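Data block below; observations after.
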Number of protein chains: 2
Amino acid sequence: MLDRPIEEFLRDRGLRATPQRVLVVEALMDASHPDVETIFAYAQARQSTMSLATVYNVLDKLRAAGVVMVLDFHGRRYYDLRVESHDHVRCRNCGRLDDILRDPNTRLIRPAAHPWVIEDQSLVWQGLCPVCQNGYSHA
Amino acid sequence: MLDRPIEEFLRDRGLRATPQRVLVVEALMDASHPDVETIFAYAQARQSTMSLATVYNVLDKLRAAGVVMVLDFHGRRYYDLRVESHDHVRCRNCGRLDDILRDPNTRLIRPAAHPWVIEDQSLVWQGLCPVCQNGYSHA
DNA sequence: TTTTTAACTAATAATCATTCTAATCTAGGA
DNA sequence: TCCTAGATTAGAATGATTATTAGTTAAAAA
């Protein structure tokens with residue numbers, strides 16, 4: 001993967017294109033829904049002075065800029081470069097997360113990687129509860 | 001709420017009916033998807049010696065016995081007495097969680113409490129990924 | 001009912017993920 | 001090239017959860 005496109009990607013979104021940020025985005029492209037530990041390992045292998053705090057800082061900037069979405073499982077956070085609302089499959093054994101792709105034509109729903117054994121499904125809606133509908137906007 | 005039914009409820013599931021466990025189950029019935037802090041506050045108000053560690057221990061016992069399910073949001077855990085697979089609404093402002101009830105006849109999906117403003121929905125499937133299908137069973 | 005025992009409780013310490021702090025550095029505009 | 005707001009760094013601090021351990025108790029056996 002070339003460096004130039006990622007730096008442009010960042011600047012296009014009003015973010016300074018530091019080497020650390022490029023590495024974090026690379027890590028996000030390299031793995032499926034990595035957690036902080038995975039991203040840190042990727043970046044530190046390529047820049048030994050990389051700090052864990054920087055990974056957290058960068059991920060929070062990316063989230064605030066609408067570049068990544070955050071998923072919570074088992075008290076850990078996982079990051080996904082796809083920010084449009086979409087769905088996930090999770091392995092109950094190893095915790096692996098994949099996207100579920102919806103076919104816009106057939107409306108069929110199918111997992112991104114085929115041979116998953118699906119045991120359970122649950123829907124999570126998000127919005128504003130009755131109490132919070134009176135003039136709030138922050139999460 | 002009477003004590004007797006909860007104690008029977010616990011014993012029916014092979015769990016010893018200690019006063020602490022009864023308080024935790026009461027707390028779970030009292031609030032919608034409480035977190036550990038909420039359960040602890042409820043129990044400690046009624047038994048001042050209640051320990052936070054006991055709340056964690058009891059919740060884990062209840063989970064292992066299939067009495068509660070655990071939900072992860074924002075690095076925190078929320079507990080639900082309903083263990084059958086079902087769906088949730090979450091308020092992006094205050095974090096409140098409610099169950100979504102499905103009508104088994106009409107298959108209509110509607111939130112338990114009416115006037116929620118729904119802004120997003122996402123599906124989470126759980127199962128076994130391709131790698132983990134070769135002789136695993138533990139989560 | 002009394003005894004026995006395995007299971008439970010609770011205080012503390014330990015761990016893990018995440019956030020904060022304060023000093024230093026740098027990307028990008030002037 | 002210089003300037004400076006913003007970014008990075010290392011380490012300390014926080015907060016939720018888990019582990020340890022000694023003492024306690026519920027429930028089964030006698």
Side-chain angles (χ1 to χ4, degrees), chain A residues 3-4 6-27 33-65 67-68 70-79 95 139, chain B residues 3-4 6-25 27 33-41 43-65 67-68 70-79 95 139:
Chain A
D3 288 319
R4 184 58 53 77
I6 294 179
E7 297 183 351
E8 283 175 10
F9 171 87
L10 289 167
R11 280 191 278 261
D12 285 350
R13 287 159 183 74
L15 298 168
R16 274 164 61 165
T18 68
Q20 292 86 349
R21 289 180 179 187
V22 172
L23 284 173
V24 168
V25 173
E26 274 182 28
H33 305 78
D35 59 8
V36 170
E37 187 188 343
T38 303
I39 296 167
F40 180 53
Y42 180 99
Q44 205 183 38
R46 287 157 183 81
Q47 186 202 305
S48 60
T49 63
M50 187 75 176
S51 161
L52 183 57
T54 298
V55 177
Y56 279 103
N57 289 340
V58 171
L59 287 171
D60 194 56
K61 278 280 168 188
L62 295 177
R63 185 197 52 73
V67 173
V68 298
V70 187
L71 303 166
D72 279 70
F73 285 100
H74 284 190
R76 237 198 202 89
R77 285 173 196 168
Y78 300 85
Y79 295 86
Chain B
D3 289 318
R4 185 55 56 79
I6 295 180
E7 297 183 351
E8 282 175 12
F9 170 88
L10 290 168
R11 280 191 274 262
D12 285 350
R13 285 156 185 77
L15 298 168
R16 276 164 60 164
T18 68
Q20 292 85 350
R21 290 180 178 187
V22 172
L23 283 173
V24 169
V25 173
H33 305 78
D35 60 7
V36 170
E37 189 188 341
T38 304
I39 296 167
F40 180 51
Q44 205 183 37
R46 287 159 182 80
Q47 186 201 306
S48 59
T49 64
M50 188 75 176
S51 159
L52 184 56
T54 296
V55 176
Y56 279 106
N57 288 339
V58 170
L59 286 171
D60 195 57
K61 278 281 169 187
L62 294 177
R63 186 197 52 74
V67 173
V68 299
V70 187
L71 303 167
D72 278 70
F73 285 99
H74 285 190
R76 233 198 204 88
R77 286 176 194 165
Y78 300 86
Y79 295 85

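Every chain is numbered from 1 and lettered A, B, ... according to where its sequence line falls, protein lines coming before strand lines. Please read all numbers here as calculations on a predicted model, not as lab measurements. Just so you know, these numbers use all the heavy atoms, side chains as well, and skip hydrogens, waters and symmetry mates.
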Measure the distance from CG on B:Asn57 to C1' on D:dT20 and round it to the nearest whole Å. 11 Å
OP1 or OP2 of D:dT8 sitting under 4.0 Å from any side-chain N/O of A:Ser51? no
Kindly indicate whether the side chain of A:Arg16 and the base of C:dT26 share any N or O donor-acceptor pair separated by less than 3.5 Å? yes
In whole angstroms, the gap separating C1' of C:dT9 from CG of B:Leu10 amounts to 15 Å
Can you check whether B:Tyr56 has a side-chain N or O nearer than 4.0 Å to OP1 or OP2 of D:dT17? yes
Using a cut-off of less than 4.0 Å, is there contact between a side-chain N or O of A:Gln20 and OP1 or OP2 of C:dT26? no
Decide whether a cation-pi geometry holds between A:Arg46 and A:Tyr42; the criteria are a distance under 6.0 Å from NZ or CZ to the six-membered ring centre and an angle within 45° of the ring axis. yes
Of the listed nucleotides (D:dA27, D:dT8, D:dT18), which one gets closest to any side-chain atom of B:Ala17? D:dA27
Donor + acceptor pair across side chains of A:Thr38, A:Asp35 (<3.5 Å): yes
Ranking A:Lys61 and A:Thr49 by the position along DNA chain D of their nearest nucleotide, the one closer to 5' is A:Lys61
Once rounded to the nearest 0.5 Å, what's the spacing between atom CG of B:Leu71 and atom CG of A:Asp72? 11.5 Å
Take atom CG of B:Leu23 and atom P of C:dA10, then tell me their distance rounded to the nearest Å. 10 Å
Base, sugar-phosphate or nothing for B:Thr18? Non-hydrogen atoms, less than 4.0 Å. sugar-phosphate
Sorted by position of nearest nucleotide on DNA chain D, 5' first, the leading residue of B:Leu52 and A:Arg21 is A:Arg21
Is the Lys NZ or Arg CZ of A:Arg13 less than 6.0 Å from the centre of A:Phe9's six-membered ring, within 45° of the axis? yes
Sub-3.5 Å donor-acceptor pair from the side chain of B:Arg21 to the main-chain atoms of B:Arg16, do we have one? yes
I need the CG-C1' distance between B:Leu15 and C:dA6, as an integer number of Å. 15 Å
Atom pair distance, as rounded to whole Å: CG in B:Asp60 and P in D:dA19: 9 Å
B:Leu59 CG - C:dC8 P separation (whole Å): 14 Å
Within less than 4.0 Å of OP1 or OP2 of C:dT9, is there a side-chain N or O belonging to B:Gln47? no
Here the distance between atom P of C:dT19 and atom CZ of B:Arg76, to the nearest Å, is 12 Å
The side chain of A:Thr54 is closest to which nucleotide in this list: D:dA27, D:dT8, C:dT19? D:dT8
Separation of C:dA17 P from A:Asp35 CG (nearest whole Å): 8 Å
